[in-house]
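Notes to accompany the following structure.
In this text, all values refer to a predicted model and were calculated from it rather than measured experimentally. Each chain gets a letter, A, B and so on, in the order the sequences are listed, and its residues count up from 1.
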Protein chains: 2
Amino acid sequence: MLTISILVNIPRLSAAKENSVSDPNDMPGHLARRFQQIAVAVFLAEVEDAGFDLTPVQYAALATIKANPGLDQVTLAGLIAYDRTTITGVIDRLVQKGLAERRASSRDRRARELEITDEGRRTLRRITPAVESAQRIMLRGLSAKEGEELMRLLRKAIAAGNDLSRAPLRESQA
Amino acid sequence: MLTISILVNIPRLSAAKENSVSDPNDMPGHLARRFQQIAVAVFLAEVEDAGFDLTPVQYAALATIKANPGLDQVTLAGLIAYDRTTITGVIDRLVQKGLAERRASSRDRRARELEITDEGRRTLRRITPAVESAQRIMLRGLSAKEGEELMRLLRKAIAAGNDLSRAPLRESQA
DNA sequence: TACTGATAGTCAGCATACTGATCAATATCC
DNA sequence: GGATATTGATCAGTATGCTGACTATCAGTA
């Protein structure tokens, strides 16, 4: 008896799906955010399980510094498509953790040359399995072929939209 | 003549691509971040061009409040897969802009019931073309079929990884 | 009814990310 | 050579997002 009135008062929370012309939850933008949210969580969990404390950006920056010793911050930002103002803080933390060094450039006194330290190299080497495991986990709902196709489509969409964000990818000029 | 020595001194910035076993720039996690970065930039640009000041989260929250009047913050967070601590700030700003209201719940004194205001409703209605335009733009590099396939794969990967982030999607219980 | 556990919301703290500004140094142009 | 523009780095300010903790409240139970 009481049960009836209670049931009647429950708001119909699924109304969005039926009423809205376009469900915000099914828009490309929302799917992009959600997938990235999961990707970051998986990355951090795998890396922490391996005994390290490194964020996705920090990993990308460190790997890029190792591959391009002595590069400056703007170039680094372009190579991994981050805003240069974000990179400032990321490098701060890599330096503070002893994984990278920031030196004044002799050629351009405005610029800082970035180097990876021995500990940074060691960290990078030992963290790789966790990073690769994370990539597998975030695609675990897809077959190998579907995973490849997802990556192909993302690459294509990203290439077409590269200049739409403040921090586009800048290919190296070598 | 001078040209020769200059060319020789240019660092080989593309070394990453050839040396690394796995290019960080081509990992699923990086592609996810990059696509989302573009999606957010496009959303904000389109919305601003239309004369509004609303972020993607704010839009999603407002649309969900409109579709589910009187819902509480935890339920809202679950419906759009955001952490409840993030939602606190988002609602703060929606309230401050006069687009939503936060009322004490009569049934549960811990909870806040959320309502959209008339101005919120008006904003939502007038902003819709910009939001939809943004979704098209972020997929502009893909054919219609490819866009559909990308969304299908994202949905599938997200469904499989739903519980891997702190803020999983919680379907309504209606 | 008192105890225990769970839940709604908030907060402090941290790390992305962005906009827009500033400063120092370099490039460019007349 | 000197004015002008550009560039590398940083900073202030704002908004996501997260972790972990805390308070107030509610729910279930002994």
Side-chain angles (χ1 to χ4, degrees), chain A residues 29 32-34 36-45 47-48 53-61 71-78 80-97 102-114 164-168 170, chain B residues 29-30 32-34 36-45 48 53-61 71-78 80-97 102-114 164-168 170:
Chain A
R33 182 196 67 85
R34 188 83 186 94
Q36 210 253 335
Q37 177 186 43
I38 291 168
V40 171
V42 168
F43 183 100
L44 293 176
V47 165
E48 187 186 349
D53 171 34
L54 214 65
T55 65
V57 212
Q58 288 168 17
Y59 169 78
L71 87 172
D72 64 290
Q73 295 184 189
V74 166
T75 305
L76 168 60
I80 57 181
Y82 277 87
D83 194 279
R84 69 189 197 287
T85 63
T86 300
I87 290 298
T88 295
V90 171
I91 301 296
D92 281 348
R93 286 176 281 278
L94 285 179
V95 169
Q96 207 226 322
K97 288 177 183 175
R102 192 196 245 133
R103 292 189 323 235
S105 167
S106 51
R107 291 176 305 147
D108 186 337
R109 300 228 309 270
R110 292 169 301 181
R112 313 299 158 99
E113 288 176 358
L114 303 174
L164 299 180
S165 79
R166 170 160 140 166
R170 297 289 176 217
Chain B
H30 178 86
R33 182 196 68 85
R34 189 81 186 95
Q36 210 253 335
Q37 176 185 41
I38 291 169
V40 171
V42 168
F43 183 100
L44 292 175
E48 188 186 349
D53 172 33
L54 215 63
T55 65
V57 212
Q58 289 168 17
Y59 170 77
L71 87 172
D72 64 289
Q73 294 184 192
V74 166
T75 305
L76 168 60
I80 56 181
Y82 278 88
D83 194 278
R84 69 190 197 286
T85 64
T86 300
I87 289 299
T88 295
V90 172
I91 301 296
D92 280 349
R93 287 176 280 278
L94 285 179
V95 169
Q96 207 225 322
K97 289 176 182 175
R102 192 195 245 134
R103 292 189 322 232
S105 166
S106 51
R107 291 177 303 147
D108 186 337
R109 301 228 309 273
R110 292 170 302 181
R112 312 298 158 99
E113 288 176 358
L114 303 174
L164 298 180
S165 79
R166 169 161 141 164
R170 297 289 175 215

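- Within the 4.0 angstrom heavy-atom criterion, base atoms lie near A:T85.
- A side-chain donor-acceptor contact under 3.5 Å links B:R34 and B:Q37.
- Judged by closest nucleotide on DNA chain D, A:I87 is the one of B:Q96 and A:I87 placed further toward the 5' end.
- To the nearest 0.5 Å, atoms OG1 (A:T88) and CZ (A:R93) are separated by 10.0 Å.
- Applying the 3.5 Å distance criterion, the base of D:dT25 shares no donor-acceptor pair with the side chain of B:R109.
- In this structure, of C:dA6, D:dT16, D:dT10, it is D:dT10 that holds the atom nearest to the side chain of A:R112.
- Of the candidates D:dT25, D:dT16, D:dT10, the closest approach to any side-chain atom of A:R102 belongs to D:dT10.
- Using a 4.0 Å heavy-atom distance criterion, A:R84 is classed as a base contact.
- Judged by Watson-Crick or G-U wobble contacts below 3.5 Å, the nucleotide C:dA21 has D:dT10 as its partner.
- Counting all heavy atoms, side chain and backbone alike, B:A77 lies closest to B:I87 at CB-CG1, 3.7 Å.
- Sequence order on DNA chain D of the closest nucleotides to A:E48 and A:D92 puts A:D92 first from the 5' end.
- Here the nucleotide nearest the side chain of A:Q37, chosen from C:dA17, D:dC18, C:dT16, is D:dC18.
- Looking at heavy-atom distances under 4.0 Å, A:T88 makes contact with a base.
- Annotation: side chain of B:V90 is not in contact with side chain of B:Y82 (no heavy-atom distance under 4.5 Å).
- Taking the side chain of A:R110 as heavy atoms from C-beta on, and the options C:dT16, D:dT6, D:dC18, the nearest nucleotide is D:dT6.
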